[in-house]
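Start at 1 and go down the list; that is how both ligands and their atoms are numbered. What you see is a predicted model; the values in this text were computed from it and never measured.
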Amino acid sequence: MTTVISTRVVDAGEAAIAEAAGVLRAGGLVAFPTETVYGLGTDATDGAAVARLYAAKGRPRFNPLIAHVPDVAAARALGRFDAAADALAEAFWPGPMTLVVPKAENCPVADIATAGLDTLAIRVPSHAVAHDLLAATGRPVVAPSANRSGRVSPTTAAHVREDLAGRIDLIVDGGPAEVGVESAIVACFGDMPRLLRPGGLPREALERVLGVPLVAAAPVGTAAPDAPRAPGMLASHYAPRAKLRLDATEVLPGEVLLAFGSRLPAGAERAAKVLNLSERGNLAEAAANLFAHLRALDATGAPVIAVAAIPHHGLGAAIEDRLARAAAPRPRRDPESE
Ligand code: TXA
Ligand code: MG
């Protein structure tokens, strides 16, 4: 049994940020907005606080966390940057990109936060509330997406409350997250930079700065234990309760529809509910709507969500990745972590 605590929701602003920083410095759990999705933060240097964070999320312990800092200088204090990491940090921070680099000699991040790895995932978010909160806290803050383990990531404070009320101290409401999918994760150690997770910064943009193609992680559902991928990228990580039917060209009886673009699949008129990721076929708009639409379609109780095909390029790759995970077979879960 997890102890029930009262969760306060406060609107972002100077007073809220000061309060939230105080809660973080005292080892509490604070959900806050970033440009990608809402994060559930705690002091990265406080091992006991990080253990409480894992418990609140019901997250498997082997899944390491991203340390968030307010600026590039703070990031450099935590890890060792090679030429690729330097170039990416310079080009894309602050922004929706995470770099995995070897831990610095005196890195203060607790071992439990990196699941014993000698590398550390670091991110400098561009969201003003996230930036100000990190600056006010003055310590690295680990922040996984602020959902229960196995649920889709939250893009609003209301999503966070649905999943985590009674389990965390504070939710800072900064409105909907603009990007809508999690950061792109690039590993910068070893011979070649590798894309561990497609995300809110398109692969094409990363490659333009690197000047070389990024080696990709293994596709969802393939058994390639030695493939370079984020250890926490469980196949069914992003799971609504409904089953997903991808690349649907028609809607079957009883299904609800997640559409993309102006042309709807055949039988769309028989769907009990239709939500469109982007009627004008814009991938940035689609990414921003993805998780909220999945939650809303799931809430209808329909057994199956038919999902129209999404283009592969740009942010489409991150959207496809999240949809493939949401559609993957589910492992059996410990009820306490559900
Ligand atoms: O956009 C984001 O990245 C959001 C916001 C809140 O910043 N955060 C987020 O965190 O998505 P999370 O914990 O849901 O996903 C972090 C991913 C996991 O798949 C984890 O396995 C991977 O990062 N990761 C963390 N540290 C790693 C490391 N040292 N090596 C490889 N992968 C790592
Ligand atoms: Mg997550």
| said: Would Thr114 count as a contact residue for ligand 1, given that I'm defining contact as a non-hydrogen atom of the residue lying under 4.0 Å from a ligand atom? | reply: no
| said: Measuring only between side-chain heavy atoms, which start at C-beta, is Glu19 closer than 4.5 Å to Leu170? | reply: yes
| Polar proximity ligand 1 side, Glu182 side, N/O cut 3.5 Å exclusive | no
| request: Considering the heavy atoms of Arg197, write down every atom of ligand 1 situated less than 4.0 Å from one of them. | output: 2 (C), 3 (O), 9 (C), 11 (O), 15 (O), 16 (C), 17 (C)
| query | Quick one: which ligand 1 atoms are inside 4.0 Å of a heavy atom on Pro144? | reply | 10 (O), 12 (P), 13 (O)
| query | Short N/O distance, under 3.5 Å, between His68 and ligand 1? | reply | yes
| field | Contacts of type side-chain hydrogen bond (donor to acceptor under 3.5 Å, both in side chains), residue Asp247, not counting sequence neighbours | value | none
| request: Kindly confirm whether the Mg ion (ligand 2) is within less than 2.8 Å of some N/O/S atom in Ser153? | output: no
| Out of Glu182, His68, Arg123, His127, which one pairs with Thr34 under the side chain to side chain donor-acceptor pair (under 3.5 Å) rule? | Arg123
| message | Give the atom numbers and elements of ligand 1 that come within less than 4.0 Å of a heavy atom of Ala121. | response | 25 (C), 26 (N), 27 (C)
| request: Please identify which atoms of ligand 1 are closer than 4.0 Å to at least one heavy atom of Gly39. | output: 6 (C)
| query | Which atoms of ligand 1 are found less than 4.0 Å from any heavy atom of Ser145? | reply | 8 (N), 9 (C), 10 (O), 12 (P), 14 (O)
| task | Would you mind listing which atoms of ligand 1 come within a distance below 4.0 Å of any non-hydrogen atom of Ala143? | result | 6 (C), 8 (N), 10 (O)
| query | Do NZ/NE/NH1/NH2 and the carboxylate oxygens of Arg161 and Asp173 come within less than 4.0 Å? | reply | no
| message | Heavy-atom pairs closer than 4.0 Å: do any link ligand 1 to the side chain of Ile66, the backbone, both, or neither? | response | side chain
| request: May I ask you to check whether Asn63 has an N/O atom sitting below 3.5 Å from an N/O atom of ligand 1? | output: yes
| query | Relative to atom 27 (C) of ligand 1, which among Gly200, Pro64, Ala31 owns the nearest non-hydrogen atom? | reply | Pro64
| query | Are Leu275 and Ile310 in one and the same hydrophobic cluster, where Ile, Leu, Val, Met, Phe, Trp and Tyr link if side-chain heavy atoms are under 4.5 Å apart? | reply | yes
| remark: So the atoms of ligand 1 within less than 4.0 Å of a heavy atom of Ser183 turn out to be 1 (O), 2 (C), 3 (O)
| request: Give the intermediate values and the outcome of side chain to side chain contact (heavy atoms under 4.5 Å, CB included) for residues Val101 and Arg80. | output: CA-CA 6 Å; Val101 298; Arg80 296 204 309 271; 5.8 Å; no
| note | Joining Ile, Leu, Val, Met, Phe, Trp and Tyr whenever any side-chain heavy atoms lie under 4.5 Å apart, the cluster holding Val274 also takes in Val251, Leu257
| field | Atoms of ligand 1 close to Leu117 [distance to a heavy atom under 4.0 angstrom, numbered from 1] | value | 28 (C), 29 (N), 30 (N)
| message | Is it the case that over 12 heavy atoms from other parts of the model lie below 6.0 angstrom from the CD atom of Glu207? | response | yes
| Between Thr119 and ligand 1, is there a nitrogen or oxygen pair with a distance under 3.5 Å? | yes
| request: In plain terms, say whether Asp86 and Arg76 are close enough for a salt bridge, that is, a side-chain N and a carboxylate O under 4.0 Å apart. | output: yes
| query | With a 3.5 Å cut-off and no angle check, do the side chains of His312 and Glu320 form a donor-acceptor pair? | reply | yes
